[in-house]
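These notes are about the structure you will find just below.
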Amino acid sequence: MQAITAVELAYRIAIQRETGDWIALITSADRSEIATGEILNALGEAVEDQVTIVDASRGTRTLTHQLLQIRENVAVVTGMSNWTVEQWQQLDGVRSRLTRKAPTVLVISEIVAANLEINAPNFASWVGGNFWTWIPNTDSLSVEETERRLDTLRTWAGKSDAEIIALAERGDVALGPQYVEWLVLLGKGDLIAPSN
Amino acid sequence: MSSGSFFWAREISLRPQIESRQRRLQERLLDAIPTPHANVKKCLSDIRRLLITACDEGVLMNTKLDVIRGLLKHSDEPRQMNRPGTVAIVGGEKNFHRDLEKAHFRRNDDAWFDFVITVREGEEGVELVAYNFEIRFPDSCGPPPFIRFDLNPPGHPNEEHGVRSHVHPGTDNYSMPSPVFDPIEILDLFLSGLAPRNPEKRRR
């Protein structure tokens, strides 16, 4: 199973926008809220139309009903963690009624994914190759990337971090965009003068 | 009177007038600031969507994964304990020496660019504090070799000379006043506006 960030998955879904594909995004149970938040934000960015979150905790019938009401919207389904074997089997039985005109993302844990594959094998085959393991978004600069940028700035200016901070604290440095970035990367954005 | 002192005399009478007009021009330009993005995440997401669409349409030679995983990033506020809202959004590696080996965005005509934007999130949305966008052109495009848009932060000495926001037209030695652009507007220029008007008939 391949790892994917919410942003990458959302842009994949944007390409499949007109399909009724089912996608399982697998996360650890304690991080499913974060994963759900990220995929909702990312879909909002990539798909550019309404994305609906569907709570499946009340079982198959409610889920089916809700999904059919929003057949053309991209849907993100949560709340399957307590589903019983019977509920999975019901889902497998009514799968033909779940034909939609937009992608559906199930945010589920590894245990739930295993239950799905065992108890709803036909539905699982619909999902097919669309089982993905969620990894957090990678849009923050890593420690290494931050250090590399800082190193480039130090070499360019021939100054140390401490010198730049001291200059900024005294307010007598011509702070061009490069120095501003430098201070922000050091966590010293508060030394940048406010706008008038 | 020597010619040298004549020019000196003209300079001291002209300079205050010119600088005063330059500051008025700057005030006009800075008054026309772009509508702020709602927050940093929205700003980042608007930029990402534009760049990914450009990849999809073949305007950029980078892949979507290049954009998502490697090129477009932001400084991490909580870990680095910035005052709430001061964030650097970076596109491509830091590249003072215009080194092609460093990660960058590449257009389908081999023009290439990178950028850094510093924004501050406030109650009324995202305030642009500073930016630096530079696009470099391959020799086949003819001059200029590069164009850079700089917005210096408030209080920078060049604010006195009316060029807090300026553009370098192919040389670091010269700059001229520029409007303050929304980052998306500069990227629009980089993706479609700043290219030879007629590639078949280049003028020098």
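In what follows, chains carry the letters A, B, and so on, assigned in the order in which the sequence lines appear, proteins first and then strands, with residues in each chain numbered from 1. Keep in mind that this is a model prediction, so the values were computed, not measured.
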Checklist entry - If you round to the nearest 0.5 Å, how far is CZ of B:R69 from CG of A:D139? => result 12.5 Å

Next on the checklist: Tell me the closest heavy-atom pair linking A:V184 and B:S75, and the distance in Å.
Outcome noted: CG1-OG, 3.6 Å

Checklist entry - Going from NZ on B:K41 to CD on A:E45, what distance comes out if it is rounded to the nearest 0.5 angstrom? => result 10.5 Å

Checklist entry - Which residue out of A:T155, A:N41, A:T5, A:L153 racks up the most heavy-atom pairs below 4.5 Å with chain B? => result A:L153

Next on the checklist: Test your reading of the model: is there a side-chain donor-acceptor pair from B:K73 to the backbone of A:S142, 3.5 Å cut-off?
Outcome noted: no

Checklist entry - Take atom CZ in B:R98; do more than 12 heavy atoms of anything else shown fall under 6.0 Å from it? => result yes

Checklist entry - Distance from B:I117 atom CD1 to A:E181 atom CD, nearest 0.5 Å? => result 11.0 Å

Item to check | Distance-minimising heavy-atom pair for B:P153 and A:P177 | outcome: CD-N, 4.2 Å

Item to check | A:Y11 side, atom OH; B:T53 side, atom OG1 - distance, nearest 0.5 Å | outcome: 6.5 Å

Checklist entry - Do the charged groups of B:K64 and A:E8 touch, with an N to O distance under 4.0 Å? => result no

Item to check | More than 12 heavy atoms from other groups under 6.0 Å of CD on A:E163 | outcome: yes

Item to check | Portion of A:I15 that has a non-hydrogen atom of chain B nearer than 4.5 angstrom | outcome: side chain

Next on the checklist: If you define the side chain from C-beta out and look only at heavy atoms, does anything of B:T86 sit under 4.5 Å from A:I192?
Outcome noted: yes

Checklist entry - Got more than 12 heavy atoms from elsewhere within 6.0 Å of CZ, B:R106? => result yes

Item to check | Working for side chain to side chain contact (heavy atoms under 4.5 Å, CB included), residues A:Q178 and B:K94 | outcome: CA-CA 10 Å; A:Q178 315 292 2; B:K94 195 118 217 86; 2.9 Å; yes

Checklist entry - For atom CD of A:E33, is the number of surrounding heavy atoms from other residues, nucleotides or ligands below 6.0 Å larger than 12? => result no

Next on the checklist: Just so I understand: if I count every heavy-atom pair under 4.5 Å between each of B:N132, B:V90, B:L72 and chain A, which residue has the most?
Outcome noted: B:V90

Next on the checklist: Can you tell me which portion of B:T118 sits under 4.5 Å from chain A's heavy atoms? Options are side chain, backbone, both or neither.
Outcome noted: side chain

Next on the checklist: If I measure from the heavy atoms of chain A, does B:L65 come under 4.5 Å with its side chain, its backbone, both, or neither?
Outcome noted: side chain

Checklist entry - Charged N to carboxylate O under 4.0 angstrom, B:E93 versus A:R149? => result no

Checklist entry - Just how far is it from atom NE2 of B:H74 to atom OG of A:S140, taken to the nearest 0.5 Å? => result 3.5 Å

Checklist entry - Would one find more than 12 heavy atoms of other residues, nucleotides or ligands at under 6.0 Å from atom CG of B:D99? => result yes

Next on the checklist: Could you check whether atom CD of A:E72 has more than 12 heavy atoms from other residues, nucleotides or ligands sitting under 6.0 Å from it?
Outcome noted: no

Checklist entry - Considering only heavy atoms, which portion of A:I135 lies under 4.5 Å from any heavy atom of chain B: side chain, backbone, both, or neither? => result side chain

Next on the checklist: Just so I know, are the side chains of B:H97 and A:W156 near enough to count as touching, which here means a heavy-atom distance under 4.5 Å?
Outcome noted: no

Item to check | Which portion of B:I52 sits near chain A, non-hydrogen atoms under 4.5 angstrom | outcome: side chain

